[in-house]
Amino acid sequence: MAYETITVETRGRVGLITLNRPKALNALNGQVLSELLAATKAYDADPEISAMVLTGSEKAFAAGADIKEMQSKSYLDMYLGDLFSGWEEFTRIRKPIIAAVAGYALGGGCELAMMCDFIIAADTAKFGQPEITLGVIPGMGGSQRLTRFVGKSKAMDMCLTGRMMDAAEAERCGLVSRVVPAGELVDEALKAAEKIASFSLPAVMMAKEAVNRSYETTLAEGLRFERRVFHSLFAFEDQKEGMAAFSEKRKPDFRNR
Ligand code: CO8
């Protein structure tokens, strides 16, 4: 499929998706959403792919939802069009997606990065929820996901003052998993994705599901869910192979990848 606002390439078992609206700093409009959903769903269904990396440009991962697209809309337009509710579909992709963030990740850009499974940041990354400066509030999950990532005090600070957080602060408060030099960002993210893709795919997908479950349920329910899933992995030959390889001091050769 030909895309206009993203590019897509396959590196081994990893799908690399790059946001590509340079003139608008990768601002997220309806077309970006539908192309991103088409690309991630295609990779999710592709048996040759086990993980994905989503990145932007050196200057911007994404500078937010497209302000010019939203600007003249009425409440009725927003309500009847249910603008951007489609992003929920992005969070239902089952294979892991790493966000590789350089430059600005603002508003919807920060929210999109948080919808991925983890964030690797370049030392140039800047995160923010500046919607308050536009007379609105985050609308793609920022007030909810950012609070779960970094806690109330910092989330309030970001959402109420609209200030940006640099990569070091983002790592310190748990928004990103690691910070790497800007020139190595995509390679490092691909390396992490390739590592994930070398493991048993059902185990990887269930690990993603289990961690995500922790955001949506009680500790007791989450622990029960984890244990059931853990037990179920003993139905796969990859569990036998992984544990046999450990005992025999060799590399495992997982079948379900
Ligand atoms: N939307 C549309 N266009 C944008 C956006 C955006 N979010 N961000 C940048 N652009 C455009 C600029 O208008 C400019 O275009 P042009 O050259 O035609 O004037 C081009 O990108 C380059 O931008 P700048 O000249 O401003 O570049 P600078 O380096 O001077 O500044 C900044 C970079 C600081 C990132 C600046 O562009 C900026 O502040 N951008 C807006 C950031 C922002 O406020 N983001 C939040 C948007 S609102 C949002 O995301 C809500 C999400 C929830 C929606 C849910 C709906 C239900």
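The figures that follow rest on heavy atoms only: side chains count, while hydrogens, waters and symmetry mates do not. Ligands are counted one by one from 1 in listed order, and the atoms in each one are counted from 1 as well.
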Beyond-backbone contact of [X] with [Y], side-chain heavy atoms, under 4.5 angstrom:
{"X": "Ile120", "Y": "Val101", "result": "no"}
{"X": "Ile98", "Y": "Phe118", "result": "yes"}
{"X": "Thr91", "Y": "Asn212", "result": "no"}

query: Which pairs count as side-chain hydrogen bond (donor to acceptor under 3.5 Å, both in side chains) when at least one residue sits in residues 104-122, sequence neighbours excluded?
result: Asp117-Lys208
message: Per the side-chain hydrogen bond (donor to acceptor under 3.5 Å, both in side chains) rule, what does the pair list look like for residues 28-37, sequence neighbours excluded?
response: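 Every side-chain hydrogen bond (donor to acceptor under 3.5 Å, both in side chains) pair that includes a residue of residues 28-37, provided the two are not neighbours, is Glu4-Gln31, Thr5-Glu35, Gln31-Glu35.
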- request: Heavy-atom cut-off of under 4.0 Å around ligand 1: list whichever protein residues fall inside it, by chain and number.
  value: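 Ligand 1 pocket, heavy atoms under 4.0 Å: Lys23, Ala24, Leu25, Ala27, Lys59, Ala63, Gly64, Ala65, Asp66, Ile67, Lys68, Met70, Leu83, Phe84, Tyr104, Leu106, Gly107, Gly108, Glu111, Pro130, Glu131, Leu134, Gly139, Met140.
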task: Output every pair passing ring-ring contact (aromatic ring centres under 6.0 Å, His included) with a member in residues 231-257, not counting sequence neighbours, ordered by first then second residue.
output: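 Every pair satisfying ring-ring contact (aromatic ring centres under 6.0 Å, His included) with a residue in residues 231-257: Phe230-Phe234.
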